[in-house]
A.B. asks: 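There's a structure below that I have some questions on.
Each chain gets a letter, A, B and so on, in the order its sequence line appears, and its residues count up from 1. Because only heavy atoms are used, hydrogens play no part in the values below, and waters and symmetry mates are left out as well, while side chains stay in. Everything quoted here is computed from the prediction, not taken from an experiment.
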2 protein chains.
Amino acid sequence: MVSRVEQSEETRGKIVAAAVAAFSTLGFHGASTREIAARAGINQGLITYHFRSKELLWRAAVEKIFASLRTALVPLPTSPASDPREQARESIRRYVRFAAAHPELFRLMVEEGKSGDRRMQWLVDTYLRPFYEGFKEQLAESLSEPEQSLEPHAFYALAGAVSLMFAVEPECRRLTGLNPKRKQVVEQHADYVARLFVP
Amino acid sequence: MVSRVEQSEETRGKIVAAAVAAFSTLGFHGASTREIAARAGINQGLITYHFRSKELLWRAAVEKIFASLRTALVPLPTSPASDPREQARESIRRYVRFAAAHPELFRLMVEEGKSGDRRMQWLVDTYLRPFYEGFKEQLAESLSEPEQSLEPHAFYALAGAVSLMFAVEPECRRLTGLNPKRKQVVEQHADYVARLFVP
DNA sequence: ACTTTCACTTGTCAACCGAATAAAATTCCC
DNA sequence: GGGAATTTTATTCGGTTGACAAGTGAAAGT
């Protein structure tokens, strides 16, 4: 962190991290650049300097979220011996672990998916569709069920079942007394959802 | 609609209806009283007049959403001949139909559930917990599975699987080409989720 | 008929926050 | 030490916020 470029990249990183949290919980309009700067512990002017505009910062935040999603779900070295259904279950478990560690993705997708504006369209076309196509392929391989037209239903049912508990973590805590961040709770949810979709 | 009270109640109704839509899509802070008044086609001053404050209007909006949920899920006259598992499936189908007709509930719950503030606590204690307790009872009756500790997982998995597709309707449209509001699509989702949770 | 009540309208206020920019200060690199 | 990249400080101009006070008109009560 001595060099200037490293310092600069660290600053950008702090801003994007704060932006991810702020945009996902407060929405695009609700999250002000001042708020983001405060959370990042940096100066508000730096946001314009590094990202030119709030919208471009938002895109950088979305990029970061999907980058960590790709990292988390990168295909494992397929052990040919194991049951394809068990592989599918493990994929779902990994998705649950990601949703628990990064509730921001679901929050942001719901926040943006409610409206049909330009940002949502960009988000779908740029990041969500590739992910969805990958999901369809994996579903076809692992389960090989003939209900092809059910793909949208399976996709949204899975995403919702996997993520909701972690997206509304404070609510879940108060309602059930369960802390969704505890590793044991995450694993229980992972196993529950995995067996639900791949009995 | 000649009498003064009828007129007044109609106005209150229009305001609350607009508030439900606005709060669920824009959040509490994002929805301004002016915006709500515009959507309701009434004067902004009337909001203060009828509800005293924005917060009390928000509570009225929440009350209205949960009232329609209770109406939609009121227990059917139990036909003793039918399979309890099929009854459970039908309950889930009715929940799906409600989520399709009223995506506002899920949107608002996610919007508020993300934070742990006073509004969320009031919402959980006043409306969500009674609903959750009812859900647990019905689950115990219909399925009588020994996995009691899985209730929170089942609850959130079900709620997410049921509702997400309709909560992000514009996104779903663009991503999949499917219109979640079409009756056929709703029924397909209802059947998919019902069979998923009660095979 | 006449007064009171009440839903409603209009106008306003005082505060606050919005993103973006410009200029000044600091730091690193050569 | 000169110059460039990064960061800070200060400001601009604008718009929006929830709430309220005073005024209007029509229905309700008597």
Side-chain angles (χ1 to χ4, degrees), chain A residues 1-62 108 111-112 115 117-119 122, chain B residues 1-62 108 111-112 115 117-119 122:
Chain A
M1 203 214 306
V2 255
S3 91
R4 221 163 17 173
V5 284
E6 287 174 34
Q7 174 67 20
S8 171
E9 276 176 16
E10 164 154 344
T11 299
R12 288 179 64 99
K14 283 197 288 187
I15 294 175
V16 172
V20 165
F23 283 134
S24 62
T25 57
L26 303 170
F28 181 79
H29 293 293
S32 67
T33 56
R34 283 181 164 80
E35 166 80 15
I36 294 170
R39 290 196 196 203
I42 54 92
N43 199 284
Q44 190 253 350
L46 277 177
I47 289 181
T48 309
Y49 176 76
H50 281 292
F51 297 93
R52 300 193 49 81
S53 77
K54 188 183 179 181
E55 172 116 11
L56 291 178
L57 170 59
W58 179 84
R59 294 197 182 191
V62 173
L108 189 131
E111 191 71 51
E112 297 294 331
S115 94
D117 62 11
R118 198 168 37 83
R119 280 196 319 279
W122 177 87
Chain B
M1 203 211 308
V2 255
S3 90
R4 223 168 11 177
V5 284
E6 287 174 35
Q7 173 68 21
S8 172
E9 276 176 17
E10 164 154 342
T11 300
R12 287 179 64 99
K14 284 197 288 189
I15 295 174
V16 172
V20 165
F23 284 133
S24 62
T25 57
L26 303 170
F28 180 80
H29 294 292
S32 68
T33 56
R34 284 178 166 79
E35 167 79 16
I36 294 171
R39 291 195 194 201
I42 54 93
N43 196 284
Q44 190 253 348
L46 276 178
I47 290 183
T48 307
Y49 176 74
H50 280 292
F51 298 93
R52 299 190 47 82
S53 77
K54 188 183 180 182
E55 172 117 11
L56 290 178
L57 170 59
W58 178 84
R59 294 197 183 190
V62 173
L108 189 131
E111 190 72 52
E112 297 294 331
S115 93
D117 62 12
R118 200 168 35 84
R119 282 197 317 280
W122 178 87

A.B. asks: Whole angstroms only, please: what is the CD1-P distance between B/Ile15 and D/dG18?
C.D. replies: 14 Å
A.B. asks: Indicate the atoms forming the closest heavy-atom contact of B/Glu111 with B/Phe23, along with that distance.
C.D. replies: CG-O, 4.4 Å
A.B. asks: Which of parallel (below 30°), tilted (30 to 60°) and perpendicular (above 60°) describes A/Trp122 and A/Trp58?
C.D. replies: tilted
A.B. asks: Rounded to whole angstroms, how far apart are CD on B/Glu6 and P on D/dA26?
C.D. replies: 19 Å
A.B. asks: Sort and list the pairs that fulfil side chain to side chain donor-acceptor pair (under 3.5 Å) and have at least one residue in residues 16-31 of chain B, not counting sequence neighbours.
C.D. replies: none
A.B. asks: Taking only side-chain N and O atoms of B/Gln7, does any of them lie within less than 4.0 angstrom of OP1 or OP2 on C/dC8?
C.D. replies: yes
A.B. asks: Please answer whether the main-chain N or O of A/Ile47 pairs with a side-chain N or O of A/Lys54 as donor and acceptor at a distance below 3.5 Å.
C.D. replies: no
A.B. asks: Please give me every residue in residues 28-59 of chain A whose heavy atoms get under 4.0 Å of an atom in DNA chain C, ordered by residue number.
C.D. replies: A/Ala31, A/Ser32, A/Thr33, A/Arg34, A/Gln44, A/Thr48, A/Ser53, A/Lys54
A.B. asks: Minimum heavy-atom separation for B/Val16 and B/Ala60, please, with both atom names.
C.D. replies: CG1-O, 3.9 Å
